[in-house]
Amino acid sequence: MTKYVFVTGGVVSSLGKGIASASLAALLESRGLKVTLIKLDPYINVDPGTMSPFQHGEVFVTDDGAETDLDLGHYERFITTRMKRSNNFTTGQIYMSVLEKERRGDYLGKTVQVIPHITNEMQEFIRRGAGHGTPDAVDVAIVEIGGTVGDIESLPFLEAARQMSLKLGPTNVAFVHLTYVPWIAAAGELKTKPTQHTVQKLREIGIQPDALLCRADRRIPDDEREKISLFTNVPEYGVISMWDVNTIYKVPRVLHEQGLDQLICTKLQLNTKSTDLKRWDTLVHEVENPKTEVTIAMCGKYTDLSDSYKSLNEALRHAGIHNHARVNIEYVDSETLDDDHVEQLSKYDAILVPGGFGKRGVEGKIRAAQYARETRTPYLGICLGMQVATIEYARHLAHLDGANSTEFDPEAPHPVIALIDEWQDADGTIQKRDEKSDLGGTMRLGAQSSDVKPGTLAYEIYGPVVTERHRHRYEANEHYLDRLQDAGLVISAITQREKLTEIVELPRTVHPWYMGVQFHPEFKSTPWGGHPLFTAFIKAALEHKTKNGHAGNKA
Ligand code: GLN
């Protein structure tokens, strides 16, 4: 039977609840347990897909095409279980499901209420996320409840968790609460009062935490832990200090050394083999001891918010680990990239144009792709980054003046990137779209495969088949492929059915490393395997640096 660990947060947000949950999951997995993670988001939006990355950070896409919270990216990077649509749900989805049932008459005319209908639905979704009743059922599901205890919004989730612990019994449900212990410089003291209050709030709701993870900028001394224990009714061994570390991959060890995984296994009566942190230690060693470094220009729009590119940053760092190099990422605002200012890119070892939506800054991205092509600087274009590389090539080498994407210029004389109206999803269903389609439901999403052309850079990296995740509306226009190829652009992967372009590149004879991919490879990178595409890109950046003897060494 599946056991559940609920992870809640107190005092303030952004304390690293996702990393803490993923770390606990990793510890339990290393003990041989089958583990998954589920994220509950208290907002009303039905999915994070249409939310601004300014507000919400990156949208993480799963193999089965769900647009989810970025915490699911951490989960996939920390444990081996892959995330599915059912691993993340929002209050909006719960209400939608309950309302659909109500419309169908499933409640037989009864008054539909938050308790029990909404809270029952939540429990149902949680069980589904844990694979309840299927061969995929896990031993332990770690359930991260978004928001902060005390918020009106997350109250029903906490109530659902409390009810689950009542129904399943104390050996099947554990509670971990992440809290903040601020250092007050003027007093020269760590303050435990916010923690006392947040646990009071939790206990008011009927939840007594089994462990407290106390975030602070430093290690919390034993006398303070003793005080927290006394005020919160959590035994002292359950008051765990979580101090700032220089890499997130240290967190599993920090928690293990203070006995968190043992505490959970004791509470849930799980007999397991002992924890093995060898691969985490090796990883941390690699992160802390790079032999060299490279600096990559990331030309994008949300330049000041690196959370929008969380998985991408991680993927580049993983690629660094596999090349024994530290990867410095510098954001270059693409709106500043015009003919007079493009030379600022000369100090970088490679150029990357990430995914993006909307017209703003797109000419600068096209300029960046041109600069990389002309100066033989390694270039990786992801999704929009592939589209701008194609536009650039069309304009300057295929003599297609005014070539553009219809996303940016609906009247473009040469719409080399355009909407297609029908395509087939990974599961075989045919998707259709027109101008009136909802914004939320019209993207090509999730994992799709295509064949790779032998003899190309893409083939060196992927071999005969590429399977990566998608999240976009526009595609390279099939009608221009011949003209682009005649002008020398290599189209190295095309989907079989719709002939959708997946990868474009330049021949090795004209450029050492230039590639655009319509998919988002960053979602599948893990610190263990890295990702072959990013590993090859960083290797090319290192070679460029060696050859040119510049950049990369200033950070
Ligand atoms: N805006 C482009 C499209 O919708 C690219 C999307 C992306 O980069 N994820 O096709």
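Just follow the structure's listing: the first ligand is 1, and inside any ligand the first atom is 1. We use all heavy atoms of the structure for the numbers below, so side chains are in, but hydrogens, waters and symmetry mates are not.
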Exercise. Non-hydrogen atoms of Glu475 versus ligand 1: any pair closer than 4.0 Å?
Worked result: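 Heavy atoms of Glu475 never come under 4.0 Å of ligand 1.
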Problem set entry | 4.0 Å heavy-atom contact, Met443 with ligand 1 |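 Outside the 4.0 Å threshold, so no.
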[atom] [closest protein heavy-atom partner, distance rounded to 0.1 Å]:
| atom | answer |
| --- | --- |
| atom 10 (O) of ligand 1 | Tyr474 N, 2.8 Å |
| atom 2 (C) of ligand 1 | Glu407 OE1, 3.3 Å |
| atom 5 (C) of ligand 1 | Gly356 O, 3.3 Å |
| atom 4 (O) of ligand 1 | Arg473 N, 3.0 Å |
| atom 9 (N) of ligand 1 | Arg471 O, 2.9 Å |
| atom 7 (C) of ligand 1 | Cys383 SG, 3.0 Å |

Exercise. Looking only at N/O atoms, are Leu384 and ligand 1 under 3.5 Å apart anywhere?
Worked result: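 Checking ligand 1 against Leu384, an N or O pair does fall under 3.5 Å apart.
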Exercise. Going by the order shown, which atoms of ligand 1 are within less than 4.0 Å of some heavy atom of His520?
Worked result: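 Per the distance check, 9 (N).
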Exercise. When you check the gap from the basic side-chain N to the acidic O, do Arg395 and Glu363 get nearer than 4.0 Å?
Worked result: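 So Arg395 pairs with Glu363 through a salt bridge.
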Exercise. Sub-3.5 Å donor-acceptor pair from the side chain of Thr495 to the main-chain atoms of Leu500, do we have one?
Worked result: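 Yes, Thr495 side chain to Leu500 backbone: donor-acceptor pair under 3.5 Å.
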For this session: Kindly indicate whether a cation-pi arrangement holds for Arg128 with Phe125, taking the cut-offs as under 6.0 Å to the six-membered ring centre and within 45° of the axis.
Result: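 The answer is yes; both the distance and angle limits are met.
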Problem set entry | Candidate pair Glu124 and Arg127, rule salt bridge (charged side-chain N to carboxylate O under 4.0 Å, His left out), full reasoning | CA-CA 5 Å; Glu124 190 54 43; Arg127 278 194 292 267; 3.3 Å; yes
For this session: Evaluate whether atom NZ of Lys34 has more than 12 neighbouring non-hydrogen atoms of other residues, nucleotides or ligands under 6.0 angstrom away.
Result: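 More than 12 heavy atoms, drawn from other residues, nucleotides or ligands, come within 6.0 Å of this atom.
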For this session: Determine whether the aromatic ring centres of Trp513 and Phe537 lie less than 6.0 Å apart.
Result: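 Aromatic pair counts; centres sit under 6.0 Å.
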Exercise. Using the ring of each side chain (for Trp, its six-membered ring), is His511 parallel, tilted or perpendicular to Tyr514, with breaks at 30° and 60°?
Worked result: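 The arrangement is perpendicular - the two ring planes meet at more than 60°.
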